[in-house]
Amino acid sequence: QLQLVESGGGLVQPGGSLRLSCAASGFSLDRSATGWFRQAPGKEREGVSCISSSGGSANYGDSVKGRFTISRDNAKNTVYLQMDSRKPEDTAVYYCAQELAYGEGCWGPPVIRDYEYWGQGTQVTVSS
């Protein structure tokens, strides 16, 4: 079964840090780029960040640039999202997904229609 599983969510205070993980099973993550998305209550799902299949390049949405860092460990078949300087508006369910097109990918901030194999998501809440 091909699937992605997110973990690492929870409650964090404003300004705090959290690291999310996205683990794949049934396929190799390094066949294409991997992206992170989020969906806040009452809002549409938006692209947060993506990383190329080799890990050589990454892109970020404007709202998280300079605060979030994406990385990958292909030996562990896992992609990470380090979130620093958290803000209340970062509260959302975070999802990871795999880019449809094989190869390096991640030529710009992730777009939903370009991704597949969505995980179930992990809740992140930023609150004091």
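Nothing fancy with the numbering, it's 1 onward along the sequence.
- The distance from atom CG of Leu81 to atom CG of Leu20, rounded to the nearest 0.5 Å, is 5.5 Å.
- With contacts defined as side-chain heavy-atom distances shorter than 4.5 Å, the pair Val79/Leu29 qualifies.
- Tested against Met83, the residues Ile70, Val124, Val126, Val12 include a single side chain to side chain contact (heavy atoms under 4.5 Å, CB included) partner, Val124.
- For the pair Arg45 (side chain) and Tyr94 (backbone), a donor-acceptor distance under 3.5 Å is absent.
- For Trp118, the ring pair (Phe, Tyr, Trp, His ring centres under 6.0 Å) partners are Phe37, not counting sequence neighbours.
- Partners of Ser28 by side-chain hydrogen bond (donor to acceptor under 3.5 Å, both in side chains), not counting sequence neighbours: none found.
- Counting only residues at least two apart or on different chains, the disulfide (SG to SG under 2.5 Å) pairs with a member in residues 66-108 are Cys22-Cys96, Cys50-Cys106.
- Between Gln39 and Lys43, the closest heavy-atom pair is NE2-O, 3.1 Å.
- When the ring pair (Phe, Tyr, Trp, His ring centres under 6.0 Å) test is applied to Tyr117, the partners found at least two apart in sequence or on another chain are Phe27.
- The salt bridge (charged side-chain N to carboxylate O under 4.0 Å, His left out) analysis of residues 7-23, with sequence neighbours excluded, yields no pairs.
- Membership of an apolar cluster is not assigned to Leu100, as no side-chain contact below 4.5 Å to another ILVMFWY residue is traced.
- Residue pairs meeting the salt bridge (charged side-chain N to carboxylate O under 4.0 Å, His left out) criterion with at least one member in residues 6-18, sequence neighbours excluded, do not occur.
- Both Tyr95 and Ile112 are assigned to one and the same hydrophobic cluster, defined by single-linkage of ILVMFWY side chains at heavy-atom distances under 4.5 Å.
- In this view, Ser17 and Asp84 satisfy the side-chain hydrogen bond (donor to acceptor under 3.5 Å, both in side chains) rule, not counting sequence neighbours.
- Note on residues 97-111: pairs passing side-chain hydrogen bond (donor to acceptor under 3.5 Å, both in side chains), not counting sequence neighbours, are Arg31-Tyr102, Ser32-Gln98, Thr34-Gln98, Ser52-Glu104, Ser53-Glu104, Ser54-Glu104.
- No donor-acceptor distance shorter than 3.5 angstrom exists from the side chain of Ser49 to the backbone of Trp36, with no hydrogens or angles considered.
- The two residues Ser128 and Pro14 come nearest to each other via the heavy atoms N-CD, 3.7 Å.
- Not a single side-chain hydrogen bond (donor to acceptor under 3.5 Å, both in side chains) links Lys87 to another residue, sequence neighbours left out.
- Every residue meeting the side-chain hydrogen bond (donor to acceptor under 3.5 Å, both in side chains) condition with Asp90, not counting sequence neighbours, appears here in chain and number order: Arg38, Arg67, Arg86.
- Taking OG of Ser7 as the reference point, atom CD of Gln120 lies at 13.5 Å (rounded to 0.5 Å).
- Screening residues 40-93 for ring-ring contact (aromatic ring centres under 6.0 Å, His included), with sequence neighbours left out, gives no hits.
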